[in-house]
Amino acid sequence: MKSSLPGTASGPATNAPAVQQDPANGPMVLARVCAQGHANPPTRALCSACGAALLPDAVQVARPRLGRMRLSTGELLDLDQSMVIGRQPSVSRVQGGVMPRLVQVASPGGDISRSHVEVRLEGWHVMLCDLKATNGTVLVREGQPPRRLAQNEMAILLDGDIAELGDNISLRFEEIP
């Protein structure tokens, strides 16, 4: 088969950039590093970890943790892989060959859908996608009125954003670069 020939294992060519992945360390991203080796988005001028100046040239590195997600239940999860959150989360298809973490939350009133939202990591971005949740998802961002996401709508998350799912369950996003 054509896919078994050297150089064609990835299948048909597309215009989409390939996500490089190191099997041992996960996805690779383009980053600027400081003298201490802290990886930062290529748009940064100073290191977010130590405040030092960044080297001028960007290099490929294993993507670091992109912050944390604090559930209203008190649970704290590192943003080191994509997640599907709901009362009985599941995935029907896996993007990029990597299974997202499934995070189950209690919903005694049934306000939260089985698979309610996805927190997706792409490059340096943390995104929230409403998965056609029956009762919707509300994004709360400082300085803006709360906004209900449309079904399948995706929003790039900023540090401090809160996603309200229902049944007093919310997700707070912290330390996002």
Side-chain angles (χ1 to χ4, degrees), residues 1-4 7-31 39-42 59-108 110-139 149-159 161-167 169-177:
M1 299 187 93
K2 185 177 181 181
S3 62
S4 63
T8 61
S10 62
T14 65
N15 291 333
V19 175
Q20 294 185 15
Q21 186 148 336
D22 175 352
N25 298 317
M28 303 292 284
V29 291
L30 195 60
N40 292 268
V59 295
Q60 287 282 334
V61 299
R63 181 178 60 211
R65 170 177 76 81
L66 296 181
R68 293 189 169 150
M69 181 179 75
R70 185 178 303 274
L71 282 76
S72 53
T73 60
E75 190 175 0
L76 187 62
L77 300 171
D78 284 339
L79 295 173
D80 54 6
Q81 71 180 95
S82 294
M83 300 179 212
V84 173
I85 299 115
R87 62 183 162 81
Q88 290 183 319
S90 64
V91 285
S92 56
R93 67 182 184 4
V94 175
Q95 274 191 310
V98 179
M99 177 74 170
R101 180 182 302 149
L102 302 177
V103 179
Q104 187 171 9
V105 293
S107 181
D111 291 346
I112 298 174
S113 295
R114 287 174 170 266
S115 294
H116 197 96
V117 293
E118 178 182 12
V119 176
R120 187 179 300 171
L121 307 184
E122 289 189 13
W124 285 96
H125 297 292
V126 179
M127 296 180 293
L128 181 70
C129 182
D130 178 277
L131 297 175
K132 298 182 181 178
T134 304
N135 292 316
T137 304
V138 175
L139 179 62
L149 298 180
Q151 289 190 341
N152 280 334
E153 181 180 355
M154 192 171 301
I156 293 178
L157 293 170
L158 303 176
D159 189 47
D161 281 354
I162 298 170
E164 295 178 348
L165 308 185
D167 269 336
I169 297 292
S170 63
L171 316 170
R172 180 177 179 81
F173 298 91
E174 304 172 350
E175 302 172 24
I176 294 178

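- Considering only heavy atoms from C-beta on, Val61 comes within 4.5 Å of Val29 through its side chain.
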inquiry  = side-chain contact (heavy atoms from CB on, under 4.5 Å), that's the test. Do Leu30 and Gln60 meet it? Break it down for me.
reply    = CA-CA 5 Å; Leu30 195 60; Gln60 287 282 334; 4.0 Å; yes
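- A donor-acceptor pair under 3.5 Å links the side-chain atoms of Ser115 to the main chain of Ser90, judged by distance alone.
- A donor-acceptor contact shorter than 3.5 Å is absent between the side chain of Asp161 and the backbone of Phe173.
- With respect to Asp80, the side-chain contact (heavy atoms from CB on, under 4.5 Å) criterion is satisfied by exactly one of Arg63, Arg101, Arg68: Arg101.
- No donor-acceptor pair under 3.5 Å is formed between the side chain of Trp124 and the backbone N or O of Ala31.
- A distance of 9.5 Å separates CG of Leu171 from CD of Glu164, quoted to the nearest 0.5 Å.
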side-chain contact (heavy atoms from CB on, under 4.5 Å) assessment of Leu76 paired with Glu174 = CA-CA 10 Å; Leu76 187 62; Glu174 304 172 350; 4.1 Å; yes
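- Atom CD of residue Gln151 and atom CG of residue Leu131 lie 10.0 Å apart, to the nearest 0.5 angstrom.
- The nearest pair of heavy atoms linking Ala133 to Thr137 is CB-OG1, 4.4 Å.
- Proximity of Val105 to Glu75: side-chain heavy atoms (C-beta onward) are nowhere separated by under 4.5 Å.
- A donor-acceptor pair under 3.5 Å links the side-chain atoms of Asp159 to the main chain of Glu175, judged by distance alone.
- Side chain of Asp167 to backbone of Gly110: a donor-acceptor contact under 3.5 angstrom is found.
- Once rounded to the nearest 0.5 Å, the distance linking CZ of Arg172 with CG of Leu71 reads 13.0 Å.
- The closest donor-acceptor contact from the side chain of His116 to the backbone of Lys132 lies at 3.5 Å or more, if one exists at all.
- For Arg114, the side-chain hydrogen bond (donor to acceptor under 3.5 Å, both in side chains) criterion is met by Gln88, not counting sequence neighbours.
- The CZ atom of Arg120 sits 10.5 Å away from the CG atom of Leu128 when rounded to the nearest 0.5 Å.
- At least one side-chain heavy atom of Val119 sits under 4.5 Å from a side-chain heavy atom of Val126.
- Ser113 pairs by the side-chain hydrogen bond (donor to acceptor under 3.5 Å, both in side chains) definition with nothing, not counting sequence neighbours.
- To the nearest 0.5 angstrom, Ser72 atom OG is 8.0 Å from Leu165 atom CG.
- Side chain of Arg87 to backbone of Ile112: a donor-acceptor contact under 3.5 angstrom is found.
- Closest of all the heavy-atom pairs between Ile162 and Ser170 is CG2-CB, 3.9 Å.
- If you take CD on Glu118 and CE on Met154, they are separated by 6.5 Å, rounding to the nearest 0.5 Å.
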